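Within every chain, numbering begins at 1; the chains are lettered A, B, ... in the order of the sequence lines, protein sequences first and strands thereafter. Just so you know, these numbers come straight off a predicted model, no measurement behind them.
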Amino acid sequence: MPKPQQPKELPKAYDPTAYEDRIYAAWEKSGAFKPASDGRKRADKDRRPYTIIMPPPNVTDRLHCGHAVMLALEDALIRYHRKRGFDTLYLPGTDHAAIATASMVDKQLAKEGKGRHDLGRKKFEERTMRYALENKRTIEEQVRAMGTSCDWSRNAFTMDEPRRGAVQEAFRRLYKKGLIYRGSYMVNWCPVCRTVLADDEVEHQEQEGVLYHLAYGPFTVATTRPETMVGDTAVAVHPKDKRYKEFVGKTVEVPMISGVRKIKVVADDAVDPEYGTGAVKVTPFHDRTDYAIGGRHKLDAPEVIGEDGTMTAAAGKALAGLDRFEARKKLVAWLKRKKLLKKEELMKHSVGRCYRSDDVIEPRISDQWFVKVSDIKEQAIRFAEDGDLKFVPERFGKTYRQWLENLHDWCISRQIWFGHPVPAFVNDKGDVSLTKKAGYKPSEDTLDTWFSSALWPFSTMGWPKQIADFKRFFPNDVLETGYDIIFFWITRMVLMTAALDVKDEKTGQLKPPFHTAYLHGLVRDARGRKFSKSLGNGVDPLEMIGKYGTDALRWMLATSTSPGGDLKFDEDRLVKSRNFANKLWNISRFITGTVEGEADLKLLRAETLTTFDRGILHKLYRTAQTVEAAFHDPAAYDKPGDVPTESRPRQLAKPYDLGFAGNALYEFVWSDFADWYLEIAKVQLRNPETAQNTAIILKYALETVLGLLHPFVPFVTEAVWQDGLRKREPLITSPWPVVHEDLDQPEDADRFDRIREVIETIRRIRAEHRTPAKSFVQAYLVADGSAWLAEAGDAINKLARLSMLRVGQHPPKEEAATAVVGDVTVVVPLAGLTSETAAQRLQAEMERAKMDIERLKGRLANKDYVENAPKHIVTETEAKLREAEAALAKLESRQG
RNA sequence: GGGCUCGUAGCUCAGUUGGCUAGAGCGCUUGAUUGACGUUCAAGAGGUCACAGGUUCGAAUCCUGUCGAGCCCACCA
């Protein structure tokens, strides 16, 4: 670690730019990012592994805020587990994103007035790869800037050599198992990308369209796509439909733009006789339902719309060469002229669009490669049912399941020029060979980019070779990503693990590739809109880092959301986060500048510990418990010998609810520690009786808090740890602070809070009566057994600005404001107070007490309540009633 | 058509298995401050928990319905 040649005192405000790069470089150089088991120490090999693979960002572009959330959450999990003694592997990587990247280059070329065919396949591939690698480098810089503690020595790319090998091997194995097949089927075709797409790559949108009702021989049929009529080969009706019985099996004549055509009439169950006229035109080549009907009735299937979206020669002279939408216009005009158009009806219907180019998808018949999912999807569903695969939040388990249940075979071939080639050979007849043979040519198709992503949990570990990483780190632990790619990615990884039978080497069992899928939401702008290029509302995380620091960004992203919830990107919150880092910095500045010595609780002198000392330690203990509950997933370690920690945390936050943990930390650090204990400590440090203990506790609490916060805000905590506290071992690899249970003393925390309320009450009274802030006032406190109050006298004096405090003494009756805080009566005589206003105030307090008493009495008078409510609730009510009655009595005794 | 969220303070949201007088931050109002921090501190105002029923001793929380917002899936011409 770089030893600072800073002046003794830390600068007034925390300046992230002065630390971040330097600290990151030092971390990386020290080997902290690598798994401990990479080293030579025998003991490190016995640590339980904890693995997260980074969802590889697409090399299409720079990182956006969604990636930043992902990195903030994952790195927090990793840093926690690293400090907790796990053998952590956080494996970084990037995805070549075949179709997305290719379409970026397509767009570049379009600007130059060229198309990919002008370049040719080889040049296009080279150019795309160049583009990809450039972005890859940028992304890696950004991942570093986020403070991500991933192991760069294992950095992976879906198109590097090891991954290439894994992809080819996976394909071959699946083909041999019969899980990959090739055939001619109805697929989704994008005319702009000139490739087939998987079902989930098609985005369905409701949009306004026209339903054309056409005279069709003796029938009337309706269609939103009249241009397809030139590809029609049948009219279908329901078998039981009496209206059309006479036509079934016959041929009718239908006038077409290219002349009269003979069309078969078929009966098929797929037709709904209730809908429209009950007669449907059938275009087997260009419609899914019609394709099925065509198959059942052995219909011809002429291709009338080509791969580029223009009408083919088969469409007839009048339309050939026209784009499909132009053709539609022309055909509609013709229909009108011939009076064949009976009706035009506006209607909403769903249109499929390409998720990359946004062009309208054309269903068509095509030779493609498919993964057969019927068998493996059962296994994938079983993983979730058996509890081997959990979802956070749980509801996404349902989404996962439903999607799998409805899953059709997965089309994995693409006709784009960037990506993994299909490692197989095909002859003219469509026969397939995995090896080169006479008469067979290498397939020109590439693989769906999600095919390589689906292998990511094990292709990054060296699979198919059984090397050490694979044995040690697979299956992974948590897969953290956005819920929007459950279908694209999460399900595919599970399917591929099952399909390839990738077993856990340690147990020999087949398990999902990770035990938990932890999903975060979408990042939206401050007004709740999706980030989009067209709106121009995107936020560049790097810009925010420059403005507020990495810690501020990480803190904001990791703590202002609960799992699965969308997150609004609000710059005001970022300001707050930066302020929090600065607060922490200044707390440290005060402590390191004021206090010397060790943070060793064993050096405490128990006899002179104050309520505040014990109270703050208790609050610290609770905070640590909460944080651990959020990071520690008990279900994940329920395997023998896996838990390296001494205590299983109580359930104070739900696992993975880092937002909850963050709030607890924020509350403790700012409110309990800085606003109260630190102010009290200033008093205690001046008293030789308490100074020593206070110093120890300040140091201890600071060190502990730095540890607890480190997963969220790694830079500022490390900066303070090293430059403020002068620690030798860096915080990143220092053990997680263990807060022992003997600090769990709730009574002291309660008294702490009671004193706090007393001080707040005095402040309130001062403010009510417009007592100048500079002035000092007097106060009397009366309570049973008030030694603890008396002991706190100095602190109360300071924080409530008192010139005189009497504890336990009978206070004077006149011209004083009275309040009751629990069992403490607070009396503040004020110079400007008349006996009248004092009485008014007293009256109001009494009213409140009376109302409390009435309400509580009423509740206890209800037999059903007393009998049915749990006992502790009832005793609580009774205690409250007693307290309220005591309060009223005290107030009454104050009455003249 | 099927599924999933969500309606709580002016704004953004917490609110764990039903149980104190429903919380926080921002914003707003008032005030403070020469030693950790103005990237600060103190005090205050502000809510019929969307609406209507039901279950219960007790509902923001559970159930049903209504209204409103959003998301995902689906080959109906």
Listing, residues 272-284 of chain A side-chain donor-acceptor contacts under 3.5 Å, not counting sequence neighbours, or none:
from, atom 1, to, atom 2, distance (Å)
A:D272, OD1, A:E274, N, 2.9
A:T277, OG1, A:T220, O, 2.5
A:T277, OG1, A:A279, N, 3.3
A:K281, NZ, A:T228, OG1, 2.7
A:K281, NZ, A:D232, OD1, 3.0
A:K281, NZ, A:D232, OD2, 3.3
A:K281, NZ, A:T283, OG1, 3.1
A:T283, OG1, A:D232, OD1, 2.6

Whole-Å gap separating [atom2] ([N]) and [atom1] ([X]):
{"X": "A:K281", "N": "B:A77", "atom1": "NZ", "atom2": "P", "result": "13 Å"}
{"X": "A:L860", "N": "B:G58", "atom1": "CG", "atom2": "C1'", "result": "13 Å"}
{"X": "A:K530", "N": "B:C71", "atom1": "NZ", "atom2": "P", "result": "7 Å"}
{"X": "A:D15", "N": "B:C37", "atom1": "CG", "atom2": "C1'", "result": "15 Å"}
{"X": "A:R589", "N": "B:U40", "atom1": "CZ", "atom2": "C1'", "result": "12 Å"}
{"X": "A:F776", "N": "B:A42", "atom1": "CZ", "atom2": "C1'", "result": "15 Å"}
{"X": "A:E345", "N": "B:A77", "atom1": "CD", "atom2": "P", "result": "11 Å"}
{"X": "A:D272", "N": "B:C76", "atom1": "CG", "atom2": "P", "result": "12 Å"}

On RNA chain B, compare the nucleotides closest to A:E206 and A:I591; which residue's is nearer the 5' end?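 Comparing both residues, the 5'-ward one is A:I591.
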
Please compare A:D566 and A:F660 by the position of their nearest nucleotide in RNA chain B and report the one closer to 5'.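 This one resolves to A:D566.
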
Looking at [X], I'd like to know whether one of its side-chain N or O atoms comes within less than 4.0 Å of OP1 or OP2 on [N].
{"X": "A:K682", "N": "B:A36", "result": "yes"}
{"X": "A:K12", "N": "B:C37", "result": "yes"}
{"X": "A:K583", "N": "B:U39", "result": "no"}
{"X": "A:N579", "N": "B:U40", "result": "yes"}
{"X": "A:W670", "N": "B:U40", "result": "no"}
{"X": "A:K568", "N": "B:C13", "result": "yes"}

Centre of A:Y548's six-membered ring, under 6.0 Å away, within 45 degrees of the axis: is that where NZ or CZ of A:R578 sits? no

Is A:K576 close enough and on-axis enough to A:W670, meaning under 6.0 Å and within 45°, for cation-pi? yes

For [X], answer base if it contacts any base atom (sugar-phosphate contacts may also be present), sugar-phosphate if it contacts only those atoms, and nothing otherwise; contact means non-hydrogen atoms under 4.0 Å.
{"X": "A:R573", "result": "sugar-phosphate"}
{"X": "A:A279", "result": "nothing"}
{"X": "A:D570", "result": "nothing"}
{"X": "A:F487", "result": "sugar-phosphate"}
{"X": "A:R770", "result": "sugar-phosphate"}
{"X": "A:R225", "result": "nothing"}
{"X": "A:D287", "result": "nothing"}

Which nucleotide wins on minimum distance to the side chain of [X], given the candidates [options]?
{"X": "A:T224", "options": "B:G25, B:A77, B:C72", "answer": "B:A77"}
{"X": "A:K654", "options": "B:A77, B:U16, B:C75", "answer": "B:U16"}
{"X": "A:K576", "options": "B:A36, B:G19, B:G25", "answer": "B:G25"}
{"X": "A:A773", "options": "B:G31, B:C75, B:U39", "answer": "B:G31"}

Shorter than 3.5 Å, N or O on both sides, protein versus nucleotides 43-49 of chain B: list them out with atom names.
from, atom 1, to, atom 2, distance (Å)
B:G44, OP1, A:R764, NE, 2.7

Runs of at least three consecutive Watson-Crick or G-U pairs, both distances under 3.5 Å, are what I'm after; which ones involve RNA chain B? B:1-7 with B:67-73, B:10-13 with B:23-26, B:28-32 with B:40-44, B:50-54 with B:62-66

Show the numbers, then the answer: is there a side-chain contact (heavy atoms from CB on, under 4.5 Å) between A:L567 and A:L522? CA-CA 6 Å; A:L567 183 149; A:L522 248 53; over 6 Å; no

A:K12: which residues meet the salt bridge (charged side-chain N to carboxylate O under 4.0 Å, His left out) condition with it, sequence neighbours left out?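 Once residues adjacent in sequence are excluded, A:K12 has no partner under the salt bridge (charged side-chain N to carboxylate O under 4.0 Å, His left out) criterion.
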
Name all residues meeting the salt bridge (charged side-chain N to carboxylate O under 4.0 Å, His left out) criterion together with A:R328; count only those two or more places apart in sequence or in a different chain, and write none if there are none.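 Salt bridge (charged side-chain N to carboxylate O under 4.0 Å, His left out) check on A:R328 returns A:E227.
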
Quick check: does any side chain N or O of A:K377 sit under 3.5 Å from a backbone N or O of A:E405, one acting as donor and the other as acceptor?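 At least one qualifying donor-acceptor pair exists.
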
Quick check against the 3.5 Å criterion: does A:D551 have a side-chain atom that pairs as donor or acceptor with the backbone of A:V716?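 Flag set: sc A:D551 to bb A:V716 pair under 3.5 Å.
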
Between A:R841 and A:E845, is there a salt bridge with N-O shorter than 4.0 Å?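 Counted as a salt bridge, because a side-chain N and a carboxylate O are separated by less than 4.0 Å.
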
Determine whether any donor atom in the side chain of A:E679 lies under 3.5 Å from an acceptor atom in the base of B:A36, or the reverse, and answer yes or no. yes

Kindly write out the residues that satisfy side-chain hydrogen bond (donor to acceptor under 3.5 Å, both in side chains) with A:S671, not counting sequence neighbours, or none if the list is empty. A:R756

Can you list everything that forms a side-chain hydrogen bond (donor to acceptor under 3.5 Å, both in side chains) with A:H286? Sequence neighbours excluded, please. none

The test is side chain to side chain donor-acceptor pair (under 3.5 Å); show your working for A:Y677 and A:D672 and say whether it passes. CA-CA 6 Å; A:Y677 189 75; A:D672 294 327; over 6 Å; no

Output every pair passing side-chain hydrogen bond (donor to acceptor under 3.5 Å, both in side chains) with a member in residues 201-214 of chain A, not counting sequence neighbours, ordered by first then second residue. A:E201-A:Y355, A:E201-A:R414, A:Q205-A:R353, A:Q207-A:R353, A:H213-A:E345

Output every pair passing side-chain hydrogen bond (donor to acceptor under 3.5 Å, both in side chains) with a member in residues 866-885 of chain A, not counting sequence neighbours, ordered by first then second residue.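 Found A:Y865-A:T877.
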
A:H238 and A:D268 side chains, donor-acceptor separation under 3.5 Å: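 No, no side-chain donor-acceptor contact under 3.5 Å.
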
What are the residues of residues 867-883 of chain A, sorted by number, that bring a heavy atom to within less than 4.0 Å of RNA chain B?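 A:N868, A:A869, A:P870, A:I873, A:K880, in order of number.
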
For RNA chain B, which residues of residues 391-406 of chain A approach it to below 4.0 angstrom with any heavy atom? A:R395, A:K398, A:Q402

I'd like to check the ring-ring contact (aromatic ring centres under 6.0 Å, His included) partners of A:F391; sequence neighbours left out, ordered by chain and number. A:Y400

Taking atom C1' in both B:G68 and B:U56, what distance in whole Å separates the two? 29 Å

